[in-house]
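Residue numbers count from 1 along this sequence.
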Amino acid sequence: MLHLDANVIFKKDMSLKLLDAFKNTNYIQVLNKSNIDVIKAYCDNVPVAYIPNVVKITKQNKNYDKINNKIITVGRITKEPKRQYLLLQAYNKIRKENKEWTIEVVGGTWSQTDENYKKMLIKYTEDNDFKEKVNFTGSIINVSEKLQEADIFAFPSAYEGFGLALTEAMAVGLPAIGYKSCPAVNELIIDGYNGFLCEDGIDDFAEKLKILMQDAELRKKMRQNARESMKQFAPKKIWDEWEDLINKVVEESKK
């Protein structure tokens with residue numbers, strides 16, 4: 001199983017022992033379709049199976065006629081790969097014309113480096129006079145409830161293995177914004193359908209945020225599309241694919 005972006009592992013300077021281990025497996029399973037060609041360039045004779053993670057479509061408890069004017073992001077507070085700073089910068093560009101909107105930053109820190117990064121984020125909100133607009137929740141257990149209180153999911157990651165936080169948000173019906181250059185995210189968000197994919201930097205991210213913030217009907221349409229697009233990851237479908245793959249490996253090993 002490969003839970004990281006293949007580009008992180010398969011590169012010219014990768015360990016020869018690691019490459020040899022991959023070449024001597026029966027199958028390599030990946031979470032994203034784009035990883036298949038990357039792996040095939042190094043392990044052409046090894047079959048690669050695309051089986052994504054399971055995404056549960058949760059019951060909608062939120063009254064979507066009620067607008068909370070809230071942007072949410074979920075993930076570890078860290079400079080790389082989550083990059084919450086980009087979201088704050090984008091929001092700062094457009095907040096004066098969208099004064100009713102707030103941000104919920106959900107996630108904890110795992111190291112002193114992360115903690116320092118969080119302090120830098122808080123200082124940025126203070127220096128730019130919008131600290132009261134941003135709530136840092138820390139680690140919480142009721143993430144689904146928090147998602148259902150929001151209206152937009154912002155995900156400024158540089159890279160992802162699959163993007164579980166993103167799929168959970170889309171499964172409860174949140175239109176999402178991410179970067180075109182981010183592996184996994186650029187397969188989950190269909191630009192203009194269930195969210196927006198942005199060019200690198202803060203300008204396009206800010207522009208797409210503003211579009212969603214100011215267009216309730218577009219959010220409603222993308223909300224429905226987000227939930228629909230997550231049905232491809234339904235538990236029974238994914239477990240059946242795993243069962244088929246395991247049975248195939250067992251049968252082939254008998255030959």
Side-chain angles (χ1 to χ4, degrees), residues 1-55 75-76 78 80-83 86 153-171 176-201 204-205 208 225-226 228-253 255:
M1 296 172 61
L2 192 65
H3 286 281
L4 289 171
D5 174 36
N7 290 290
V8 175
I9 297 175
F10 290 89
K11 46 192 177 182
K12 291 181 180 179
D13 61 347
M14 75 179 293
S15 163
L16 293 179
K17 287 186 178 180
L18 180 60
L19 178 59
D20 188 59
F22 275 111
K23 286 183 175 181
N24 285 283
T25 57
N26 295 98
Y27 274 86
I28 299 175
Q29 175 264 334
V30 296
L31 297 172
N32 303 300
K33 291 178 181 178
S34 60
N35 284 178
I36 296 174
D37 289 340
V38 176
I39 293 171
K40 280 295 186 181
Y42 288 82
C43 305
D44 188 46
N45 294 324
V46 181
V48 181
Y50 163 66
I51 305 179
N53 278 332
V54 165
V55 178
R76 172 186 172 188
T78 184
E80 291 289 341
K82 302 303 181 182
R83 307 191 302 183
L86 294 180
F153 187 77
F155 206 51
S157 289
Y159 57 87
E160 290 288 333
F162 178 72
L164 279 174
L166 173 60
T167 57
E168 288 170 3
M170 295 171 76
I177 299 178
Y179 283 106
K180 290 180 182 178
S181 60
C182 180
V185 169
N186 57 21
E187 294 185 35
L188 294 166
I189 297 177
I190 303 171
D191 189 40
Y193 176 73
N194 54 22
F196 287 120
L197 288 171
C198 307
E199 302 296 339
D200 289 343
D204 197 30
F205 205 94
K208 295 307 191 299
N225 293 340
E228 185 66 29
S229 62
M230 290 300 99
K231 290 181 180 179
Q232 63 182 305
F233 308 118
K236 185 180 185 308
K237 178 178 181 296
I238 302 303
W239 298 144
D240 285 349
E241 290 177 9
W242 268 112
E243 185 174 4
D244 290 344
L245 177 59
I246 292 169
N247 288 336
K248 184 182 293 185
V249 172
V250 171
E251 288 303 313
E252 289 181 359
S253 67
K255 295 178 182 178

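Applying the salt bridge (Lys or Arg N to Asp or Glu O under 4.0 Å) definition to pairs two or more places apart or across chains, those involving residues 229-248 are Glu228-Lys231, Lys236-Asp240, Lys237-Glu241.
In this structure, Ala158 and Pro183 approach most closely via the heavy-atom pair O-CD, 3.6 Å. For the residue pair Gly195 and Ile189, the shortest heavy atom distance occurs at C-CG2, 3.9 Å. For the residue pair Gly161 and Asn32, the shortest heavy atom distance occurs at O-ND2, 2.6 Å. Nearest heavy-atom pair across Gln232 and Ile238 is O-CD1, 4.0 Å. Of all non-hydrogen atoms in Ser34 and Glu187, the two that sit nearest each other are OG-OE2, 2.6 Å. Of all non-hydrogen atoms in Asn225 and Tyr193, the two that sit nearest each other are ND2-O, 2.9 Å.
Using modelled atom types, no side-chain atom of Thr25 and backbone atom of Ile28 make a donor-acceptor pair closer than 3.5 Å. Asp204 places no side-chain N or O within 3.5 Å of a backbone atom of Cys198 that could act as its donor or acceptor partner.
Residues passing the side-chain contact (heavy atoms from CB on, under 4.5 Å) test with Val55, sequence neighbours excluded: Phe162, Thr167, Ala171, Met230, Phe233. Lys180 meets the salt bridge (charged side-chain N to carboxylate O under 4.0 Å, His left out) test with Glu199; sequence neighbours excluded.
Side chains of Glu252 and Asn26 form no contact here, defined as non-hydrogen atoms less than 4.5 Å apart. For the pair Phe22/Val46, no side-chain contact is recorded, criterion being any heavy-atom separation below 4.5 Å from C-beta on. Considering only heavy atoms from C-beta on, Tyr179 stays 4.5 Å or farther from Val185 through its side chain.
A distance of 12.5 Å separates CG in Leu197 from CZ in Phe155, rounded to the nearest 0.5 Å. Within the model, atoms CG of Leu19 and CE of Met14 stand 4.5 Å from one another, a figure rounded to the nearest 0.5 Å. With rounding to the nearest 0.5 Å, the separation of CG in Leu245 from CD in Gln29 is 7.5 Å. In this structure, CD on Glu160 lies 11.0 Å from CG on Asn186, to the nearest 0.5 angstrom. Within the model, atoms CG of Asp200 and CZ of Phe205 stand 11.0 Å from one another, a figure rounded to the nearest 0.5 Å. Residue Ile51 holds its CD1 atom at 5.0 Å from CH2 of Trp242, rounded to the nearest 0.5 Å.
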